[in-house]
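Below: the structure, in structure tokens.
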2 protein chains.
Amino acid sequence: MSKCDQCIVKQFNSLKFLNREELIRISGCKTSKYIKKGEPIFEEGERINGVYCIKDGICKVSKMSENGKNQIVNLVQKGDLIGERSLISDEVSNLSAYAQSDMEICFIPREEILKDLEKNPAFSLDVLKKMANSLKNSENLIVDMAQKSVKQRLAETLLNLHEKFGKSEDGTINIQLSREDISNIIGTATESAIRLLSTLKKDKIITFKGKDIEILDKKALERIAAGF
Amino acid sequence: MSKCDQCIVKQFNSLKFLNREELIRISGCKTSKYIKKGEPIFEEGERINGVYCIKDGICKVSKMSENGKNQIVNLVQKGDLIGERSLISDEVSNLSAYAQSDMEICFIPREEILKDLEKNPAFSLDVLKKMANSLKNSENLIVDMAQKSVKQRLAETLLNLHEKFGKSEDGTINIQLSREDISNIIGTATESAIRLLSTLKKDKIITFKGKDIEILDKKALERIAAGF
DNA sequence: ACTATAATATGATAATTATCACTTTTTTTT
DNA sequence: AAAAAAAAGTGATAATTATCATATTATAGT
């Protein structure tokens, strides 16, 4: 069992503002877990009662819509925290989180970290800062969902995925996403997403290696995303 | 000039967690202002450097999209704080705020309230809680924008407006919104919004008094919003 | 390795929504 | 009060996207 004060993952999230003592305390009461691709970390309606620190892997955060589609609102990766809202508000989660790859996560119980939130202003300010940033991103996404066409959204999504997850060794965007996942991110029917991807491929803007996508012409994608 | 410790508006926002001393300090350095309907409170790209407390009136928070439409992401009213993000992160604002009615607001400079954020955990936790709630609402809105039809979104928006702003004396929803405003909230063309409103009126689900809208059949609206 | 299932892809068509053009009504300006 | 401008409303049509059906390919299970 690894120790929080020695884990490099904390450098990427608000836990870096906890001191050695605090980290040791948390290390003593956290639980580590391996999650298989496709399994839930938590589901909508659950009381999370703590926060998950992602040690490895990627997960999708989503909400089942009334029409039966599973809208993906975020993809989070190694180094990110998820579930922070449960620290603040003892409500059930409005979202679900599912492993998009095999994952290693640590769960820190709410009552253990809540004191740090109250006692350590650097920590609480960083949680606040991270949440403010999430809120800003969400607002921008609302505007895009409302005002951009599906094609624009796809282009933008591909660019964002590339920015966030980088390239794997074969040059493709370094995250495994089905066509259905992609359609659930941009908010369209699976067939529509497939068609648009196909068009982009035909136009030599992207190419496929299996299901993986490699961007060939980033500038063209940017133009499409911007509406030109 | 009114005093913060005596102002009833603070009961509706995080300022209620400041003690008397803190409130007196803030009272001494805040500035009050009247804003005419249609005028900006702040605009996208501005460094806000403080937080606005709404003493009276309603404002719309929006972002200009690349296609020239002004997507409204929130409507805020008396008692709410706006611009809190500038406390946390010294970036320019990604959104604009315009007065939807004549307003009275107080501006509290960032450096005056930042100490409270660091020193008063009850206050900072409430700011965090409010932001978490905003984030949750934004996430739900993303899902709706992605998955619901324009008609559903209109129905839901009318219900939400009624819930949030209540009824005026003549029974209509207590906020002045043009048809263009409504279209900018649900994310559609103005003509489309007008057509759908017209249909709802023909179906006796809503009625108009001038431009104001009165809900006649709330249950029908709920069914439409839910997709039935 | 084989089979079954799921995902991807494609064609056709239906539904939804946007755009364009114009008229009517309301609000603002003079 | 009259004129101008803006907003609301309507009709027609175009564009976008969803749905349905089917075929092909990839993946999972045995």
Side-chain angles (χ1 to χ4, degrees), chain A residues 36-39 60 65-72 98 100-102 144-155 157 172 176-203 206-213 224-225 227, chain B residues 36-39 60 65-72 98 100-102 144-155 157 172 176-203 206-213 224-225 227:
Chain A
K36 282 277 182 220
K37 180 178 174 174
E39 287 178 357
K60 69 184 176 189
S65 179
E66 283 164 7
N67 66 4
K69 293 244 326 166
N70 204 30
Q71 182 64 35
I72 296 171
Y98 293 93
Q100 193 65 20
S101 66
D102 291 347
D144 285 354
M145 286 299 188
Q147 304 295 344
K148 287 193 172 173
S149 69
V150 170
K151 187 175 185 179
Q152 286 173 290
R153 301 206 298 273
L154 175 63
T157 293
T172 58
Q176 296 226 299
L177 290 173
S178 68
R179 298 302 182 257
E180 184 171 5
D181 287 331
I182 290 174
S183 74
N184 285 343
I185 293 170
I186 65 180
T188 194
T190 311
E191 291 99 321
S192 300
I194 290 171
R195 282 182 219 281
L196 287 168
L197 284 168
S198 222
T199 300
L200 291 180
K201 183 183 173 196
K202 199 176 308 170
D203 292 343
I206 62 175
T207 193
F208 303 156
K209 289 178 182 170
K211 290 196 307 186
D212 294 336
I213 299 169
I224 291 168
Chain B
K36 280 270 178 233
K37 180 176 175 178
E39 286 179 0
K60 69 184 174 188
S65 179
E66 283 164 4
N67 66 4
K69 294 244 328 167
N70 204 30
Q71 182 64 33
I72 296 172
Y98 293 93
Q100 194 65 19
S101 64
D102 290 348
D144 286 355
M145 287 296 187
Q147 303 294 343
K148 287 192 171 174
S149 69
V150 170
K151 186 173 183 180
Q152 285 173 291
R153 301 206 299 274
L154 175 62
T157 293
T172 58
Q176 295 228 301
L177 291 173
S178 69
R179 298 301 182 254
E180 185 172 3
D181 287 330
I182 290 173
S183 73
N184 285 342
I185 294 170
I186 64 180
T188 193
T190 312
E191 292 99 321
S192 299
I194 290 171
R195 283 182 220 281
L196 287 168
L197 284 167
S198 223
T199 300
L200 291 180
K201 182 184 173 194
K202 199 177 307 168
D203 292 343
I206 61 175
T207 193
F208 303 157
K209 289 177 179 171
K211 292 197 307 189
D212 294 336
I213 299 169
I224 291 167

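Please read all numbers here as calculations on a predicted model, not as lab measurements. Every chain is numbered from 1 and lettered A, B, ... according to where its sequence line falls, protein lines coming before strand lines.
Remark: P of dA18(D) and CD1 of Ile186(A) are 9 Å apart, rounded to the nearest angstrom. Rounded to whole Å, the distance from NZ on Lys151(B) to P on dA18(C) is 15 Å. Straight-line distance from the CD1 atom of Ile213(A) to the C1' atom of dT8(C): 12 Å, rounded to whole Å. Summarising the geometry, the separation between NZ on Lys201(A) and C1' on dT8(C) is reported as 11 Å, rounded to the nearest angstrom. For the pair Leu197(A) CG and dT17(D) P, the interatomic distance rounds to 14 Å; values are reported in whole Å. We find that NZ of Lys209(A) is positioned 19 Å from C1' of dA26(D), with the value rounded to whole Å. Here the C1' atom of nucleotide dA18(C) and the CZ atom of Arg153(B) are 13 Å apart, to the nearest Å. Whole-Å rounding puts the Phe208(B) CZ to dA7(D) P distance at 17 Å.
Rounding to the nearest 0.5 Å places CD of Gln176(B) at 6.5 Å from NZ of Lys211(B). If you take CZ on Arg153(B) and CD on Gln147(B), they are separated by 10.5 Å, rounding to the nearest 0.5 Å.
Of the candidates dT19(D), dA9(C), dT17(D), the closest approach to any side-chain atom of Val150(A) belongs to dT17(D). For Ala189(A), the listed nucleotide lying nearest its side chain is dT19(D); candidates were dT17(D), dT19(D), dT8(C). Listed candidates were dT17(D), dG9(D), dC20(C). Nearest to the side chain of Ser149(A) is dT17(D).
For Arg195(B) and Thr190(B), each mapped to the nucleotide of DNA chain D holding its nearest heavy atom, the one lying further toward the 5' end belongs to Thr190(B). Where Ala146(A) and Ile194(A) each meet DNA chain C at their nearest nucleotide, the meeting point lying more 5' is that of Ile194(A).
Contact detail for Gln152(A) and Ile224(A): the closest heavy-atom pair is CG-O, 3.2 Å.
OP1 and OP2 of dA9(C) both lie 4.0 Å or more from every side-chain N or O belonging to Ser198(A). At least one side-chain nitrogen or oxygen of Arg179(A) sits closer than 4.0 Å to the OP1 or OP2 atom of dA9(C). Side-chain nitrogen and oxygen atoms of Lys211(B) include at least one within less than 4.0 Å of the OP1 or OP2 phosphate oxygen of dA8(D). For Ser192(A) and dT17(D), the shortest distance from a side-chain N or O to OP1 or OP2 is not below 4.0 Å.
Under the side-chain contact (heavy atoms from CB on, under 4.5 Å) rule, Ile72(A) has a single partner from Thr157(A), Ile182(A), Asp181(A), Ile186(A), which is Asp181(A).
In this entry dA2(D) has dT29(C) as its Watson-Crick or G-U wobble partner, both defining distances falling under 3.5 Å.
For Asn184(B) (side chain) and Gln71(B) (main-chain N/O), no donor-acceptor pair under 3.5 Å exists by modelled atom type.
Using a 4.0 Å heavy-atom distance criterion, Glu180(A) is classed as a sugar-phosphate-only contact.
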